[in-house]
Visitor: 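Following this message is one structure expressed as structure tokens.
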Amino acid sequence: MTSNATPVKGNDPSHWAIRARGVGKYFGPVHALRGVTLEVRRGSTFGLIGPNGAGKTTFIKVLLGICRADSGEIRLLGGTPEDVAWRRRVGYLPENLQLPAVLTPVAFLRSIARIKGLSAGRSRPEVAAQLEASLRRVGLDEGAWGRRMGGFSKGMRQRTGLAGALLGQPDLLVLDEPTDGIDPTGRAAIREVIRQEAQRGATILLNSHLLAETERLCDQVAIMAGGQ
């Protein structure tokens, strides 16, 4: 399965945000990925859809180096999943987001900013303004910014996680079910944020089981089933 947003001539790696060749992943006798081959052009919005257990989330985890492929090759923003340099250029919202229960959203985003190097050479008020702007952008109620996240609803956790993924204007946004647990009005707002990121020039990989959502947002869609 090979796809790109628009036809590209040549084999210049700078054209591609994601290139996967024959990627396989096995969990004992279970073949989670069966030789997945996929290309996503820089600046495109690409959707992965398919039933539960199709291999979509496993592919994302292999793509980001969270787990290793058993076969095949992956290039991400010109590097490999083992390269540290590209990690600060990626924003990731996982499907099953686990947030530190004792932290507030502001404290959580502050830790992400440090990891991405966004705090270097900037004053504390400047960093705080950036974090608050990200939380405001995803529609998290301001009254929740100073609350511990242990009591957050699914939708509040999703909004907080997306705010973290957006920090630093990443070149690649990997969003795994970004509107899961969010009300219809909130979904429309999140879709608008994704559109804005695409207009900025970010490459977006969107994993969603909602066909209507991918139709609204994506240049192209790949269907996964049985790890293929």
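Side chains are part of it too, since the values below use all heavy atoms of this structure and drop only hydrogens, waters and symmetry mates. For reference, positions follow the sequence shown, starting with 1.
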Visitor: Please report the closest heavy-atom contact between Thr160 and Pro105, naming both atoms and the distance.
Guide: CG2-CB, 4.0 Å
Visitor: About how many Å separate OG of Ser44 and CH2 of Trp16, when rounded to the nearest 0.5 Å?
Guide: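 Between atom CH2 of Trp16 and atom OG of Ser44 there are 8.5 Å.
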Visitor: Evaluate Asp176 against Leu93 for side chain to side chain contact (heavy atoms under 4.5 Å, CB included), listing each step before the verdict.
Guide: CA-CA 6 Å; Asp176 200 345; Leu93 177 64; 6.0 Å; no
Visitor: Once rounded to the nearest 0.5 Å, what's the spacing between atom CD of Gln169 and atom CD of Gln130?
Guide: 8.5 Å
Visitor: For the side chain of Ser111 and the backbone of Phe108, is there at least one donor-acceptor N/O pair under 3.5 Å apart?
Guide: yes
Visitor: Using side-chain heavy atoms (C-beta onward) and a distance below 4.5 Å, is Phe46 in contact with Leu38?
Guide: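 Counting from C-beta outward, Phe46 and Leu38 do come under 4.5 Å.
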Visitor: Counting only heavy atoms from other residues, nucleotides and ligands, does the tally under 6.0 Å from NZ of Lys61 exceed 12?
Guide: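 No, the 6.0 Å shell around NZ holds no more than 12 heavy atoms from other groups.
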Visitor: Count I, L, V, M, F, W, Y as connected when their side-chain heavy atoms are under 4.5 Å apart, and connections chain through other members. Are Val23 and Leu77 then in the same cluster?
Guide: yes
Visitor: Looking at Phe152, does the NZ or CZ of Lys154 lie under 6.0 angstrom from its six-membered ring centre and within 45 degrees of the ring axis?
Guide: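 Lys154 over Phe152 ring: no.
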Visitor: Could you tell me if Glu213 and Thr179 have a donor-acceptor pair between their side chains, going purely by distance under 3.5 Å?
Guide: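 The answer is yes; a qualifying pair exists.
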Visitor: Show your reasoning for whether side chain to side chain contact (heavy atoms under 4.5 Å, CB included) applies to Leu76 and Thr80.
Guide: CA-CA 6 Å; Leu76 192 67; Thr80 68; over 6 Å; no
Visitor: Could you measure the distance from the CD atom of Gln199 to the CZ atom of Arg195? Nearest 0.5 Å is fine.
Guide: 9.0 Å
Visitor: Determine, step by step, whether Arg216 and Arg191 satisfy the side chain to side chain contact (heavy atoms under 4.5 Å, CB included) criterion, reporting the C-alpha distance in whole Å, the side-chain angles of both residues, the deciding distance to 0.1 Å, and the verdict.
Guide: CA-CA 8 Å; Arg216 289 189 180 102; Arg191 285 196 295 268; 3.7 Å; yes
Visitor: Is it true that Leu64 and Leu175 fall in one hydrophobic cluster, defined by side-chain heavy atoms closer than 4.5 Å?
Guide: no
Visitor: Drop me the distance from Leu172's CG to Leu63's CG, to the nearest 0.5 angstrom.
Guide: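 The distance works out to 7.0 Å.
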Visitor: In residues 138-151, what donor-acceptor pairs under 3.5 Å come from side-chain atoms, sequence neighbours left out?
Guide:
residue	atom	partner	partner atom	Å
Asp141	OD2	Gly143	N	2.8
Trp145	NE1	Leu140	O	3.1
Trp145	NE1	Asp141	O	3.4

Visitor: May I ask you to say whether Glu177 pairs ionically with Lys56, meaning some side-chain N is under 4.0 Å from a carboxylate O?
Guide: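 Looking at Lys56 together with Glu177, the answer is no, because their closest N to O distance does not fall below 4.0 Å.
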Visitor: Calculate, to the nearest 0.5 Å, the distance between atoms CD1 and CG belonging to Ile112 and Leu118 respectively.
Guide: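 Between atom CD1 of Ile112 and atom CG of Leu118 there are 9.5 Å.
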Visitor: Provide the closest heavy-atom pair for Pro178 versus Asn207 in the form atom of the first, atom of the second, distance.
Guide: CD-O, 3.9 Å
Visitor: For the side chain of Arg110 and the backbone of Val127, is there at least one donor-acceptor N/O pair under 3.5 Å apart?
Guide: no
Visitor: Under 4.5 Å between any side-chain heavy atoms of Leu48 and Leu206, yes or no?
Guide: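 When only atoms from C-beta onward are counted, Leu206 and Leu48 do not touch, as no gap falls below 4.5 Å.
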Visitor: Take Ile74 and Arg19 through the test side chain to side chain contact (heavy atoms under 4.5 Å, CB included) and record every step on the way to the result.
Guide: CA-CA 6 Å; Ile74 293 177; Arg19 302 191 81 179; over 6 Å; no
Visitor: Of all heavy-atom pairs between Tyr26 and Asp70, which one has the smallest distance, and what is that distance?
Guide: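 So the two residues come closest at N-OD2, 2.7 Å.
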Visitor: Between Thr203 and Asp171, do the side chains contain an N or O donor and an N or O acceptor separated by less than 3.5 Å?
Guide: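 No, no side-chain donor-acceptor pair sits under 3.5 Å.
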Visitor: Under 4.5 Å between side-chain heavy atoms, counting indirect links through other Ile/Leu/Val/Met/Phe/Trp/Tyr residues: same cluster for Leu167 and Ile194 or not?
Guide: yes
Visitor: Any chance CZ of Arg136 has more than 12 other-residue heavy atoms, nucleotides or ligands included, within less than 6.0 Å?
Guide: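 Atom CZ in Arg136 is crowded, with more than 12 foreign heavy atoms closer than 6.0 Å.
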Visitor: So, does Arg34 use its side chain to make a donor-acceptor pair with the main chain of Gly226 at under 3.5 Å?
Guide: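 Yes; at least one donor-acceptor contact below 3.5 Å.
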Visitor: Measure across Pro170 and Gly91 and return the closest heavy-atom pair with its distance rounded to 0.1 Å.
Guide: CB-N, 3.5 Å
Visitor: Test of understanding: clusters of I, L, V, M, F, W, Y form through side-chain heavy atoms closer than 4.5 Å, transitively. Do Val174 and Ile18 belong to the same one?
Guide: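 Same cluster.
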Visitor: Any chance you could measure Leu109, atom CG, to Arg114, atom CZ, to the nearest 0.5 Å?
Guide: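 With rounding to 0.5 Å, CG (Leu109) is 11.0 Å from CZ (Arg114).
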Visitor: Under the criterion salt bridge (Lys or Arg N to Asp or Glu O under 4.0 Å), I'd like the reasoning laid out for Arg137 against Glu192: C-alpha separation, chi angles, the key distance, then a yes or no.
Guide: CA-CA 10 Å; Arg137 188 179 179 195; Glu192 180 57 28; over 6 Å; no
Visitor: Report yes if some heavy atom in the side chain of Met224 is under 4.5 Å from a heavy atom in the side chain of Gln228; otherwise report no.
Guide: no
Visitor: Mark yes or no for whether Glu197, through its side chain, and Ala202, through its backbone, hold a donor-acceptor pair below 3.5 Å.
Guide: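 The answer is no, because no donor-acceptor pair under 3.5 Å joins these two groups.
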Visitor: Might you confirm whether atom CG of Asn52 has over 12 heavy atoms from other residues, nucleotides or ligands at distances under 6.0 Å?
Guide: no
Visitor: When you measure from the side chain of Thr45 to the backbone of Cys218, do you find a donor-acceptor pair of N or O atoms at a distance under 3.5 Å?
Guide: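 Side chain of Thr45 to backbone of Cys218: no pair is present.
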Visitor: Between Ile66 and Val90, is there shared hydrophobic-cluster membership here, with clusters defined by ILVMFWY side-chain heavy atoms closer than 4.5 Å?
Guide: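 Same hydrophobic cluster.
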